[in-house]
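Here's the structure we're looking at; comments come further down.
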There are 2 protein chains.
Amino acid sequence: MLTVRKVIEVDKALNKVLEHTKLGDVEYVSIEESDGRYLAIPLQADHDVPPFDRSPVDGFAIHTADTRDVSPDNPVELEVIEEIGAGIVATREIKAGQAIRIMTGAKTPKGADAVVMLELTKEISRDNKRYVVINQPSKSGDNITFKGDDTQRGTLLIEKGRRVDPGVKALLATFGYAKVPVIKKPVVGIYATGTELLEVHEQLQPGKIRNSNSHMLISQIKKVGAEPKNFGNLEDDFERCFEAVSKALEIVDVLITTGGVSVGDYDFLPEIYEKLGANVLFNKISMRPGSVTTVAEFNGKLLFGLSGNPSACFVGFELFVRPWLKTYFGSANPHLQKIKAILDSDFLVPNSFTRFVRGRVSFENGRLLVSSSGVDKSSNVTVLANSDVLIILPGGEGAYKKGTIIEILLLD
Amino acid sequence: MLTVRKVIEVDKALNKVLEHTKLGDVEYVSIEESDGRYLAIPLQADHDVPPFDRSPVDGFAIHTADTRDVSPDNPVELEVIEEIGAGIVATREIKAGQAIRIMTGAKTPKGADAVVMLELTKEISRDNKRYVVINQPSKSGDNITFKGDDTQRGTLLIEKGRRVDPGVKALLATFGYAKVPVIKKPVVGIYATGTELLEVHEQLQPGKIRNSNSHMLISQIKKVGAEPKNFGNLEDDFERCFEAVSKALEIVDVLITTGGVSVGDYDFLPEIYEKLGANVLFNKISMRPGSVTTVAEFNGKLLFGLSGNPSACFVGFELFVRPWLKTYFGSANPHLQKIKAILDSDFLVPNSFTRFVRGRVSFENGRLLVSSSGVDKSSNVTVLANSDVLIILPGGEGAYKKGTIIEILLLD
């Protein structure tokens, strides 16, 4: 049965999705397991970095007053009263005429106001005592990294919702987060619908194709940092689909289905939403590919009805599911980064709907160029493996020529 | 003891590292576990995509000859002899005057040379037979996606050494890779040296700091796709360090140490390489930070002696360890992507060594700008959390002013 659907703009559709957002619960994981997780708290420096004045070089900690008048012709000999490596605190205080041998990273001893680099000194011994010979003056503060030089206590280092990467990890370690508070991963269920679908391990049969969407979605879900739960394939059978979707909803935080959202006789998702009593947020968006992308809400959970076409499925996930997940993780900016780039190929056929073309960026002397990754059809699967951006071509009468500045969404 | 080291250029140092490269062994993992792994084989299409002519729309498969002269005033009625959903193959062949109701994704039936969209038709029934009324002509090939339209059999889809991401995963599924041949993860050992180092869970003590390098390296190693093995911290004690490094070398593919590579009395790595009988590839590079970065080879295994300074350690990994690992994975391009960008801040102090400044990119109307992430000191740890590129400032007399086009290395 053909019903007329109300078309809405991409931005409006996304807003509707994000009206049903929520922030995930907090859990603690070991710092080793925290990669790719989202911080549940902002990270503030609870101590100065470095936490004490220290030497950034190997050399001798001295009193600069002792070197005031020295020169190659008039060197000074300072008695070396102690030797400290990094991690060792000097037991003695430097007095006039004294020095302490100090290694990189060690705390500068009391009484010292500079460090002279090893390379600029000579050591001698006399009467069973060690002396360092210095033949040029130092300024107070020379070769000392002062407490707090890197970061002062109380500084906000990382916003809540930031994803743990090597740089963030270094800070977590520095500030003693052996256990890291992160947002729990939401479970994202996946059902692929369509009698034509084979499992990956099955041989091709006439009229059938292997299900690639579920595996692609598993990757997309993991890439965002959520937990995929693959329920497999469903044949086009209303009762079985309804049963499967109902049960899946009980155990997931979000459910993605692929296929079955179009207007065909075997497109059962609209009927399933109706029988569930779900609130359909929209079922037609003025975009290509994926205009039939449908999102419904049931008992506070979202059902993303993505197209069965691989490219449309991919784009639907990135435009709608990803921002929902990022918001769940407390990300300050849940959207794909949108920037301007210079079109490096022509798009001459106008389209009334906004197009999201799978593309690739390249760089040329500080300029950012973008071109299509290949055949731009919603059913195309090979093009996805070579795309790192989505090129936004707003709908309307116009063609887009090479050289035009357009907006793109970064996928990585 | 001070020894004079021979300084070499960054590119030469990297070449020496890559002279000791090898390709990892192959193992098979399930498609579900293949994310982030490197393909051990190129991926070629072993069948056409789609594997059969199919309908991209819901509608009626017809003989176009039957619609040659039709118009709204002169419609044709075709008998609907069968109905097929996706995955179902028609049992009958279309003859003149006949049509088959077809759903999106279904194989076009024998005898049909076009599909008319459902929206443009009307169905009626008469004498217990179904008819479709069509009032405009179709061209042969209308609404048929032909076998191989997306990809033809034999096409090289993905190079060997590509990392599995959502797009690659879709192709693996399409071509039936339930088990995926990937390169085994090399085990990368990590030892942090320095008596000043505390474990992450320990309270700060005078003169000591928490070891952040090992945790940062764990993240960097995982990000490249290898397997980190954290051996923990080592105090500055020659015998214990020698013992630890010797034993670690037996169980890892690559060993990273941090600290102990400088010229200080407690910098034991040079002596350890000597006692091992390792072949030191270089121990001084004309770069900042990390000029003392040392790489040695022992029994075919590399020992990367990175600086203990966090920023220097980070840069040392990205410039030398990462390319080695990527080569191990068979990556066609093991180097960080080097592109040109426009400097958005001044670097006025010249340096005789090439500097790798932690920076951030931004985009402005198709232009790529880059600026420093913060204080540029090798000991700085906070700056790393906000960097996505390394700005290359070649050594020499000159200053680099805002607006200059310079080269940068992309970290992501």
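A note on names: the letters A, B, ... follow the listed sequences, proteins ahead of strands, and every chain is numbered from 1. Excluded from the calculations below are hydrogen atoms, water molecules and symmetry mates; all remaining heavy atoms, backbone and side chain alike, are included.
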What residue in B:Leu411, B:Asn230, B:Thr195 has the most heavy-atom pairs under 4.5 Å with chain A?
B:Thr195

Just verifying a value: how many Å separate B:Ser262 OG and A:Leu118 CG, rounded to the nearest 0.5 Å?
9.5 Å

As an exercise: rank B:Lys222, B:Lys107, B:Lys179, B:His201 by heavy-atom pairs under 4.5 Å with chain A and give me the winner.
B:Lys222

When rounded to the nearest 0.5 Å, the distance separating CG of A:Leu171 from CZ of B:Arg210 is 12.0 Å

Check whether A:Pro56 gets within reach of chain B through its side chain, its backbone, both or neither, counting any heavy atom under 4.5 Å.
neither

Give me the atom names and distance for the closest heavy-atom approach of A:Met216 to B:Pro166.
CG-O, 3.5 Å

Return the option, out of A:Leu204, A:Leu197, A:Ile405, A:Ile218, with the maximum number of heavy-atom pairs under 4.5 Å with chain B.
A:Leu204

Option that, when pairs with chain B are counted at under 4.5 Å, heavy atom only, ranks first among A:Gly366, A:Gly167, A:Ala178
A:Gly366

Among A:Ser362, A:Gly207, A:Gly105, A:Gly259, single out the residue with the greatest number of heavy-atom pairs under 4.5 Å to chain B.
A:Gly207

Are the side chains of A:Asp267 and B:Asp58 in contact, using a 4.5 Å heavy-atom criterion?
yes

Point-to-point distance, once rounded to the nearest 0.5 Å, from OH of B:Tyr266 to CD1 of A:Ile84:
9.0 Å

Name the region of B:Leu410, side chain, backbone, both or neither, that has any atom closer than 4.5 Å to a heavy atom of chain A.
side chain

So do the side chains of A:Phe52 and B:Ile209 get within less than 4.5 Å of each other, counting heavy atoms only?
yes

Do A:Val89 and B:Gln205 come within less than 4.5 Å of each other through their side chains, counting heavy atoms only?
no

Is there a side-chain contact between A:Arg162 and B:Asn386, using heavy atoms and a 4.5 Å cut-off?
yes

Measure the shortest side-chain to side-chain distance between A:Ile408 and B:Phe363 over non-hydrogen atoms and say whether it is less than 4.5 angstrom.
no

Can you tell if the side chain of B:Glu32 reaches within under 4.5 Å of the side chain of A:His215, non-hydrogen atoms only?
yes

Would you say B:Asp412 and A:Asp412 make side-chain contact, with heavy atoms under 4.5 Å?
no

Of all residues at least two apart in sequence or in a different chain, which pass the side chain to side chain donor-acceptor pair (under 3.5 Å) check with A:Ser214?
A:Asn211

Quick one: list whatever passes side chain to side chain donor-acceptor pair (under 3.5 Å) with B:Lys208, sequence neighbours left out.
none

Point-to-point distance, once rounded to the nearest 0.5 Å, from CG of A:Asn365 to CZ of B:Arg367
12.5 Å

If you count the non-hydrogen atoms of other residues, nucleotides and ligands that lie under 6.0 Å from CD in A:Gln44, is the total more than 12?
yes

Restricting to non-hydrogen atoms, name the atom on B:Ser212 and the atom on A:Ala170 that form the minimum distance, rounded to 0.1 Å.
CB-O, 3.3 Å

Any idea which of B:Ile342, B:Asp53, B:Ile406, B:Thr174 has the most non-hydrogen atom pairs under 4.5 angstrom with chain A?
B:Thr174

Residue A:Tyr177 versus chain B: region with a heavy atom under 4.5 Å
backbone

With rounding to the nearest 0.5 angstrom, report the NZ to NZ distance, B:Lys169 to A:Lys223.
12.0 Å

Among B:Glu199, B:Glu202, B:Arg101, who wins on heavy-atom pairs under 4.5 Å with chain A?
B:Arg101

Spatial distance of atom CD (B:Glu364) from atom CG (A:Leu368) [nearest 0.5 Å]
12.5 Å

Highest number of heavy-atom pairs under 4.5 Å with chain B among A:Gly87, A:Ser219, A:Ala341, A:Ala45 belongs to A:Ser219

Can you give me the closest heavy-atom contact between A:Ala86 and B:Asp236, atom names plus distance?
O-OD2, 4.4 Å

